[in-house]
Amino acid sequence: MSLFLLLSAYAAVIYILARAAWRVWLFSRAVPDVRPDGYDASGVRSISGWVVDIVLLRRLMRQNSALWAGQWVLHMSFVFLFIRHLRYVVSPVPGAVSALQGAGVVAGYIMVCSILYIAVYKLVFECGKYQSLYNLFLTIVIVVIGASGLALRWSQGLDLAGVKRFVIGVVSLRLEAAPGDTLFAVHYVTGLIFLAMLPAHVFSAWLTTHAARERDLSMKRVLHD
Amino acid sequence: MDGLTKKELLEIDACTGCRECLKVCPVQEVTGNYKISPAEKIRLYREFIKSTRGLKALLDPAGKGRPDRKLLEDFTRAAFECTVCGACAEACPAGISTQRLWPVLRREMVKRGIGPMGAQGDMPGVVKNTGNPYNKPALERYSPWFPSDVEVKEEAEVAYYAGCTGAYEAMPMVRGDVLVLGASETPFTMLPPEEEVCCGFPLFITGQHDMLKDLVQRLVKSYARRGVKTLVCSCPCCVNIMARDWPSYWGGPLPFKIRHITQHADWAIRKGRIKIKTPLYERLIYHDPCYLARGVGVTEEPRSVLRAITDMPLVEFYRNREKSRCCGAGGAARKVFHDNAVAIARLTIGEAHDKGADRLILGCPACYAKLNEAMEGFEKPVGITDIMELLAEVL
């Protein structure tokens, strides 16, 4: 079991690195950007607005506030959950990470509620018309991760020190015994699946949002110079 | 994908699959065909990239670079049935600039010999022979509609570009433009009919970019020779390509500014150069052309002109300004996908009718041609007038 879980992690990492390398190769073949006249709108106003666009998912808020509510809460909970799980990967645990453990626990509950809210909104209120299969798959994976994580919190007998030893072993290329808990294995493997299948927009949407802000700010200048 | 920029590659990656674009896509509204939706276009193009540049293609020497035929046909249909109205870009939470991305993807298909559709493929030859995409005689570009009492100078700081669609398919519109220019006491020049060739937009939008540089160079040099400092255009599509893309093909900033005719009219009214003799007492509803509102951000000048014309409050479409609904004429799809175009146009006409408007006011020759066509036999009639045609009525 320990070997299987260890190799699963390395397979996921190799897949992630291969995806990244392929994209870097594709981008290296890109032709130069041609910026049409009137498009350039850089500056403090653009950058600060862009940060707000990212943090608040402002474009989605303007387009669909009901969907935005669930998506914003989901994305914020990811941030706190990521910070919470750092305690298993680093030793010693920084003070800031320890301080946010409580918030991370709450984020776990919120994440499950928010993903279920989004699923109900998409499948019931929008009658499934606006749901991609890929996103449906990710929704199921996130629900399993969240549910197994919450179940682990309440389960008796999980060896947290053993979990940390195992995860540190994965990170430092050292085989350590994995906890024999099935729930842990489910949580761990679905977490790896989620990381491996991480949507590409995580790396690109914040950049296209900046370009969209530039476009919006410069729009009035195109024919009003 | 070899001809895509980093920004375009990022945009193809940035789609979150939220499908908000489907809610505003006019082709979706009339066909319900998910396969030609914005999100599906992005997904298909990702598959296209993987099939030609992915691991499977790289490991398969026999099939390398040859995408699945069905995939190509699906994507080509999706890409060319689109009206390129850009409503999906406004709705997109990731800010993907679809109004700019779709012509690029069409160009990539054309480079591979898999587009454009139907009569669109004849356009380069037709433009080369006649100077316009409608295969109409160049010498008849102005004569059927140009008012005899308006003077055109040989040289002037302001020039008027009628545009092919206006000159050949929306004559009352361009006639109104010229009457307004004349009434605004603005000396203006125009190129001779055989010199005022296509601005390149129909070729650009169908992915056939080879002739663009030549067309742009010819037009810019012709206007520069006449001392032009401001080029006033009738058509939002012309305005769009001139302001956004002509600098790239010219090799630098243009020697003149680009303006839409409504901007000139608004300026002339505010400066007192145009006097409204007989204001109307009619309920007017203005349809924002996609390439004027979303393309170059001109939304308030047309409304300012209309407020000067009518004493009644303007009626607004539910979706207006940057969120305006497509009229169905865009993307060079109106003749190839005629049924879609008429169905989309009737949604606009129907809303104008239901809101009790006396007249539906337009600012684009393609909208003008299509909406007039769609009105025939439609059970919800409403008067259709171009904004400059209307202004010329009340001078």
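Letters go in sequence order (proteins before strands), and every chain restarts at 1.
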Do you know which of E322(B), M242(B), E301(B) has the most heavy-atom pairs with chain A at a distance under 4.5 angstrom?
E301(B)

Tabulate, in ascending numerical order, the residues of residues 32-40 of chain B having at least one heavy atom closer than 4.5 Å to a heavy atom of chain A, or enter 'none'.
none

Under 4.0 Å between a side-chain nitrogen and a carboxylate oxygen: does that hold for E29(B) and R325(B)?
yes

Can you name the side-chain hydrogen bond (donor to acceptor under 3.5 Å, both in side chains) partners of Q217(B), sequence neighbours left out?
none

Just to be sure I understand the criterion: a residue of residues 8-19 of chain A counts if one of its heavy atoms is under 4.5 Å from a heavy atom of chain B. Which ones qualify?
none

Examine F194(A) together with F78(A) and report whether their ring centres are nearer than 6.0 Å.
yes

Are D288(B) and R303(B) close enough for a salt bridge, meaning some N to O gap below 4.0 Å?
yes

Basic-acidic side-chain contact under 4.0 Å: R100(B), E8(B)
no

Is it the side chain or the backbone of Q263(B) that comes within 4.5 Å of chain A heavy atoms, both, or neither?
side chain

Does the gap between the ring centers of Y45(B) and F48(B) come in under 6.0 Å?
yes

At a 4.5 Å cut-off on heavy atoms, which part of K6(B) comes close to chain A: side chain, backbone, both, or neither?
both

R294(B) portion near chain A, given a 4.5 angstrom heavy-atom threshold
backbone

Under 4.5 Å from a heavy atom of chain A, the part of C21(B) involved:
neither

Between T209(A) and D53(A), is any side-chain donor less than 3.5 angstrom from a side-chain acceptor?
no

Which pairs, with at least one residue in residues 114-128 of chain A and sequence neighbours excluded, count as a salt bridge (charged side-chain N to carboxylate O under 4.0 Å, His left out)?
K122(A)-E126(A), E126(A)-K23(B)

Can you tell if the side chain of T16(B) reaches within under 4.5 Å of the side chain of Q71(A), non-hydrogen atoms only?
no

